Amino acid sequence: MGSSKFPLRYGIVLLTFVCTFVCYIERVGFSIAYTIAADAADINQTSKGMILSTFYYGYACSQVPGGWAAQKIGGRLVLLFSFVLWSLTCALMPLDPNRVTVLVIARLLVGVAQGFIFPSIHTVLAQWVPPHERSRSVSLTTSGMYFGAAAGMLVLPSLVKFKGPQSVFVAEAALGASWSLLWLKYASDPLRSEHPKATAAGFGESLLPIKGGQKTKVENGGHSIRTPKIPWKKIILSLPVWAIVVNNFTFHYALYVLMNWLPTYFELGLQLSLQEMGSSKMMPYFNMFLFSNIGGVIADHLVTRRILSITRTRKLLNTVGFIVASFALIVLPYFRTSGGVVFCSSIALGFLALGRAGFAVNHMDIAPRYAGIVMGVSNTAGTLAGIVGVDLTGRLLEAAKTAQLDLTSPDSWKAVFLIPGMLCIFSSFIFLLFSTGERVFD
């Protein structure tokens, strides 16, 4: 993979793109397969919300441990372990909506395994990617999530129709195993002598995990043991970290509510079959894929050409993305056709993805050495958003039914989309006030 024409770091970024692509096929796949199976078994909306949100409990538990493990062991190995674990779980998981305990345990395991992935990816990218390429690299990597969600929405409903819901898990396990083999064969850590300027630039060999007893030279010719401590207190009390955390929470609240409940909105709110909607149902996620990469290119252009500072670039893209997304979310339930809902959700998710060129890259700006750990902290908040948002949506819909509101009525869905819309406005102001593009942690 490495040559003068195609540097090895490009191959690493490409593999992390495929990694997030496969992960989100799994997440969308479970939502589609379980929704169809649960509706056929007449499972109520509160129970559906509980099962759909179980994944995020496991996911939340492993975010910070994932960042710690990636820092100590290395993101490459942790990433491989997590993929093998969730792929095996998918292969062995039976899809029976009435076997609640089995589904809960399986989804917890998948959540724990996938919780290691993004902190590990950020650790790997911080090692391999120089600062002027980070926006594009992170945007490309994270756009794999949306491309995977789009592919899942396009292909998996037909797979369920012809092969049944269980076939989705088999396909996901096969994809996970295939990626694991590719990562094992082609991924590596950067050589410690490969980047003599990496320490000053803030990436490369200086960010590799420190092995026990490893010695480094000091100016007088002697040796000292490098045992850098993780500045937990400084991380927890840092306002720029909290700006990232708040925006990560909001981004994932909106994303997970749409990802888990948009199939239900199409099926029950609009009385449309996912199988009959064709390729239009994938457009919101495909739009995320496009806008994520557009945001990365714009951000790197503004920074590289010195049009704006890193701080102003992050704030600009974050604010534009979140404010536009907020309006699209708030008006979404007033559209009563599939085309209108697809358009609104595409705008909302697309501009949220644009905003990732602000807050999501900011981990590596303020803490390149501890990017995986800061990512683990902020992604824990994002995962809590999944727990709260997905479960709360089920309860809101069940309350609407109790109040004798038909789920085909826009009134049943107003609160579902108003909450993430208002969160977007609030979060954008927090990021404007407290974020920075300067390095905070040495």
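Below, all heavy atoms of this structure are taken into account, side chains as well, without hydrogens, waters or symmetry copies. Note that the structure is a prediction, hence the values are computed from the model and not measured.
- Checked by atom type and distance alone, the side chain of Asn247 pairs as donor or acceptor with a backbone atom of Ala243 at under 3.5 Å.
- A donor-acceptor contact shorter than 3.5 Å links the side chain of Ser62 to the backbone of Val112.
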From CA spacing to verdict: salt bridge (charged side-chain N to carboxylate O under 4.0 Å, His left out), Glu438, Arg314: CA-CA 11 Å; Glu438 304 302 318; Arg314 302 287 181 246; over 6 Å; no
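- Annotation: cation-pi pair Arg27/Phe55 absent, no NZ/CZ under 6.0 Å from the ring centroid and within 45° of its normal.
- No donor-acceptor pair closer than 3.5 Å links the side chain of Thr311 to the backbone N or O of Thr436.
- Of the possible donor and acceptor atoms, one in the side chain of Ser345 sits under 3.5 Å from a partner among the backbone N and O of Val342.
- Distance check, rounded to the nearest 0.5 Å: CD1 of Ile235 to CH2 of Trp232 gives 6.0 Å.
- Panel note: side chain Gln63, backbone Val377; no donor-acceptor pair is recorded below 3.5 Å.
- Put simply, the side chain of Trp242 gets close to the backbone of Ile236: a donor and an acceptor are under 3.5 Å apart.
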Quick one: do Ser180 and Leu80 satisfy side-chain contact (heavy atoms from CB on, under 4.5 Å)? Show the steps, please. CA-CA 6 Å; Ser180 299; Leu80 179 63; 3.9 Å; yes
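- Heavy atoms only, all atoms of each residue included: Ile12 and Val124 are closest at CG2-CG1, 3.5 Å.
- With values rounded to the nearest 0.5 angstrom, Ile387 atom CD1 is found 9.0 Å from Asp391 atom CG.
- For residues 44-60, every residue pair satisfying the salt bridge (Lys or Arg N to Asp or Glu O under 4.0 Å) rule, not counting sequence neighbours, is listed here: Asp39-Lys48.
- Without hydrogens or angle criteria, Thr35 side chain to Ile32 main chain gives no donor-acceptor distance under 3.5 Å.
- Classified by interplanar angle (parallel below 30°, tilted 30° to 60°, perpendicular above 60°), the ring pair Trp413/Phe417 is parallel.
- Each of Phe327, Phe251, Phe291 was evaluated against Phe351; a single residue qualifies, Phe291, per the ring-ring contact (aromatic ring centres under 6.0 Å, His included) test.
- Under the 4.5 Å side-chain criterion, counting only non-hydrogen atoms from C-beta, Ser87 is not in contact with Val22.
- In terms of heavy atoms, Ile330 sits closest to Gly421 at CG1-CA, 4.1 Å.
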Dump the intermediate steps for side-chain contact (heavy atoms from CB on, under 4.5 Å) on Phe249 and Leu423, then the final yes or no. CA-CA 9 Å; Phe249 180 92; Leu423 283 173; 4.2 Å; yes
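- Annotation for Asn287 and Ser346: closest pair ND2-O, 2.8 Å, computed over non-hydrogen atoms.
- The heavy-atom pair separating Gly389 from Tyr253 by the smallest distance is CA-CE1, 3.4 Å.
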Does the pair His252 and Thr383 meet the rule for a side-chain contact (heavy atoms from CB on, under 4.5 Å), with working shown? CA-CA 7 Å; His252 284 98; Thr383 308; over 6 Å; no
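- Thr20 places a side-chain N or O within 3.5 Å of a backbone atom of Phe17 that can act as its donor or acceptor partner.
- A 4.5 Å side-chain heavy-atom check between Arg107 and Phe30 finds at least one atom pair inside the cut-off.
- Rounding to the nearest 0.5 Å places OH of Tyr34 at 8.5 Å from CG of Leu95.
- A heavy-atom distance below 4.5 Å is not found between the side chains of Tyr265 and Val416.
- The CD1 atom of Ile244 lies 4.0 Å from the CG atom of Asn362; values are rounded to the nearest 0.5 Å.
- Other residues, nucleotides and ligands contribute at most 12 non-hydrogen atoms within 6.0 Å of the CZ atom of Arg395.
- Applying the 6.0 Å contact sphere to CG of Asn98 captures more than 12 heavy atoms from other residues, nucleotides or ligands.
- Put simply, the side chain of Leu79 does not reach to within 4.5 Å of the side chain of Phe116, judged on heavy atoms.
- For the pair Leu384/Tyr56, no side-chain contact is recorded, criterion being any heavy-atom separation below 4.5 Å from C-beta on.
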Carefully, step by step, assess Leu397 and Lys401 under the rule side-chain contact (heavy atoms from CB on, under 4.5 Å). CA-CA 6 Å; Leu397 295 176; Lys401 290 177 66 178; 5.9 Å; no
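- Under the salt bridge (Lys or Arg N to Asp or Glu O under 4.0 Å) criterion, Arg356 pairs with no residue, sequence neighbours left out.
- Ser47 places no side-chain N or O within 3.5 Å of a backbone atom of Ile43 that could act as its donor or acceptor partner.
- Between Phe83 and Trp86, the distance separating the two ring centers is shorter than 6.0 angstrom.
- When atom types are taken as modelled, the side chain of Lys163 and the backbone of Ser158 share no donor-acceptor pair closer than 3.5 angstrom.
- A heavy-atom distance below 4.5 Å is not found between the side chains of Ile347 and Leu329.
- Under the 4.5 Å side-chain criterion, counting only non-hydrogen atoms from C-beta, Phe81 is not in contact with Leu77.
- A 4.5 Å side-chain heavy-atom check between Met50 and Val390 finds every atom pair outside the cut-off.
- Put simply, the residue from Tyr146, Tyr24, Phe147 that forms a ring-ring contact (aromatic ring centres under 6.0 Å, His included) with Phe289 is Phe147.
- Between the side chains of His363 and Ser378, at least one donor-acceptor pair of N or O atoms lies under 3.5 Å.
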Working note: Ser143 + Ser292, criterion side-chain hydrogen bond (donor to acceptor under 3.5 Å, both in side chains); need CA distance, chi angles, decisive distance, verdict. CA-CA 6 Å; Ser143 72; Ser292 178; 4.8 Å; no
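- Remark: Thr54 OG1 to Leu108 CG distance equals 6.0 Å, nearest 0.5 Å.
- Between Ser428 and Asn318, the shortest heavy-atom contact is CA-ND2, 4.3 Å.
- The OG1 atom of Thr89 sits 11.0 Å away from atom CD1 of Ile105, with the distance rounded to the nearest 0.5 Å.
- The salt bridge (Lys or Arg N to Asp or Glu O under 4.0 Å) contacts involving residues 135-150 comprise Arg136-Asp300, where partners must be two or more places apart or lie in separate chains.
- When all heavy atoms are compared, the tightest approach of Cys19 to Ile117 is SG-CG2, 3.8 Å.
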